2 protein chains.
Amino acid sequence: MALTDEAIDKIKAMILDGELTPGSRLPKEEILAGQLGLSRNSLREAVRALTAMRILITRQGDGTYVSSLEPHLLLESLSFAADVSQGRTALQLLQVRRLLEPQATGLAAALLMPEDLQELRDILDRSRAATTVEEFVAHDIAFHLRIVEAVGNPVLSMLLRVLSTRTQRVRIVRGSRTRHALDNAHQDHEQILGALQSRDALLAVSAATVHITAVEQWLAASLSDDPLRAIDD
Amino acid sequence: MALTDEAIDKIKAMILDGELTPGSRLPKEEILAGQLGLSRNSLREAVRALTAMRILITRQGDGTYVSSLEPHLLLESLSFAADVSQGRTALQLLQVRRLLEPQATGLAAALLMPEDLQELRDILDRSRAATTVEEFVAHDIAFHLRIVEAVGNPVLSMLLRVLSTRTQRVRIVRGSRTRHALDNAHQDHEQILGALQSRDALLAVSAATVHITAVEQWLAASLSDDPLRAIDD
DNA sequence: CGTTCGACATACATCGGAGGAATGGCCGGA
DNA sequence: TCCGGCCATTCCTCCGATGTATGTCGAACG
């Protein structure tokens, strides 16, 4: 393995061992390079890799620090994975979302505050007025995110956000007969909101499952309809 | 933003645009650095960050290539997040697992082949004979992983694997009254296997929920029992 | 004719050094 | 006390050069 990769692992190990804790400061490049037995240049590559993963934070003129290491922060760097996934892999992501998000929605049924419900109502009203796909998707994302945030678990929120990024949703919506798909989605959203308003967790789970499964099936159908896309995947 | 970070985004954008596809080869460092308008050294930092995230792959003497970009591959780099999480954040991860894994287990009920069931039986038998915590945890991981893999969704498998790494499980088990906790876990596993053998998806979901929730509660209790740990988190 | 081995070109890996730029703290003046 | 400029520290960027692994191509051998 390359020296730089070893350095990455060593720094990770220092964090796992508690030698470096969230917020603590690393020795300056020159010193740390000496400690780890490599050149400053190679060390910088290791540090850069860790900053890209949100494990370290560098500030020019100040120093390099260990990040808060909050899992939802580290999750963020994953959004790229969802952005590039198409075809079969997008379907895999969507299946995970189908298994996870309805449960989160069910939990939220008991946790949403009246003002949350009102805001969900507003979001749906605005989404009905959306004229472009991008606009509708923005409301769509806001709707689901708002529900999930009621659970109060940032890891859950970030994970569901990552599982279905903006570019991915737009791609899916565009792939289906847009007008029809949008109407269906809107109706599904109404169903979910209705269940949440009546605090019916079981119904909320079911409505969310129906909704996401519908999306899943549009995607699966568009894949098998379109041999090219199915193949290049 | 730093030049290197811009380069990272540019390379990502080239992939998203389809300019670079999985498996395709990048221009050599010197050339690519020129194209992106920075030095070879800074470019290397960008490439190194992307290789650490499994987006690129470099081979000395050959070249740099775009990886397969399989989401489950990109997910792997997340295991560090679970490894460092303790206390409250570990609880957040475990809650996500509680919401997700039972559903996956329910799906698996219809998909597990007879030989899979037999292997699960073997795993449980071996786990009963485990003498150390590490050994038990290894069987524990194998048991859950084996079930989830029946779904045939690599993203799901990797995500559940990441949500609860070896170091994390060991930490949790050690934090509880070990002997008692192990007995309980084993009984839970038997319940889950029984449900799977009788192809009872609903019961499998419930048994898995009970099992993971029990773990969750052990962890939550050990956190509130131990003010020190609760605070330093 | 097929296989093997070695030399060569290619491209990444690592290094040392140097100047630029941003940050934070110190200090003096109002 | 507050404000603004000076200055040390630290990361950022670049250059040039050498080390090392990979793949290729051709010659030698069985």
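Here the structure is a predicted model, which means the values were calculated and not measured. Naming: A, B, ... by sequence-line order, numbering from 1 per chain.
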(request) Ignoring hydrogens and angles, tell me if any N or O in the side chain of D116(A) forms a donor-acceptor pair with the backbone of M113(A) under 3.5 Å. (result) yes
(message) Distance check needed: dA13(C) P versus E45(A) CD, whole Å only.
(response) 7 Å
(message) Between P on dT13(D) and CG on L43(B), what's the gap in Å once rounded to a whole number?
(response) 12 Å
(request) Let me know the distance between CG of D62(B) and C1' of dA13(C), rounded to the nearest Å. (result) 14 Å
(message) Rounded at 0.5 Å granularity, tell me how far NE2 in H72(A) sits from CE in M158(A).
(response) 6.0 Å
(request) Give the nucleotide from the list dT14(C), dT10(D), dG23(D) with an atom nearest to the side chain of T4(A). (result) dT14(C)
(request) Ignoring backbone atoms, test whether S42(A) places a side-chain nitrogen or oxygen under 4.0 Å from the OP1 or OP2 oxygen of dC15(C). (result) yes
(message) Rounding to an integer number of Å, can you tell me how far E29(B) CD sits from dG16(D) P?
(response) 16 Å
(request) Return the nearest nucleotide to the side chain of T64(A); candidates are dC12(C), dC11(D), dT13(D). (result) dC11(D)
(request) Examine distances only and state if a side-chain atom of T165(A) and a backbone atom of V162(A) form a donor-acceptor pair shorter than 3.5 Å. (result) no
(message) How many whole angstroms separate atom CD1 of I57(A) from atom P of dT10(D)?
(response) 18 Å
(message) Heavy atoms from C-beta onward define the side chain here; which of dA21(D), dC12(D), dT13(D) lies closest to that of S39(B)?
(response) dT13(D)
(request) Would you indicate, yes or no, if dG23(D) has its OP1 or OP2 atom less than 4.0 angstrom from a side-chain nitrogen or oxygen of R59(B)? (result) yes
(request) Please tell me which of the listed nucleotides, dT13(D), dT14(C), dA21(C), lies nearest to the side chain of Q60(A)? (result) dA21(C)
(request) Take atom CD of E30(A) and atom P of dG16(C), then tell me their distance rounded to the nearest Å. (result) 11 Å
(message) I need the CG-C1' distance between L26(A) and dT9(D), as an integer number of Å.
(response) 16 Å
(request) Using only side-chain N and O atoms of R48(A), determine if any of them is under 4.0 Å from OP1 or OP2 of dT13(D). (result) yes
(message) Please determine whether side-chain contact (heavy atoms from CB on, under 4.5 Å) holds for the pair V47(A) and E29(A), giving the CA-CA distance in whole Å, both sets of side-chain angles, and the decisive distance to 0.1 Å.
(response) CA-CA 9 Å; V47(A) 169; E29(A) 290 177 342; 5.9 Å; no
(request) From the options dC12(C), dA11(C), dT22(D), select the nucleotide whose nearest atom is closest to the side chain of R25(B). (result) dA11(C)
(request) Kindly assign one of parallel, tilted or perpendicular to the pair H189(B) and H144(B), based on the angle between their ring planes and the thresholds 30° and 60°. (result) perpendicular
(message) Please compare L3(A) and G61(A) by the position of their nearest nucleotide in DNA chain C and report the one closer to 5'.
(response) L3(A)
(request) Would you tell me if any nitrogen or oxygen in the side chain of R44(A) comes within less than 4.0 Å of OP1 or OP2 on dT14(C)? (result) no
(message) Using whole Å, what does the distance between atom P of nucleotide dC12(D) and atom CG of N41(B) come to?
(response) 13 Å
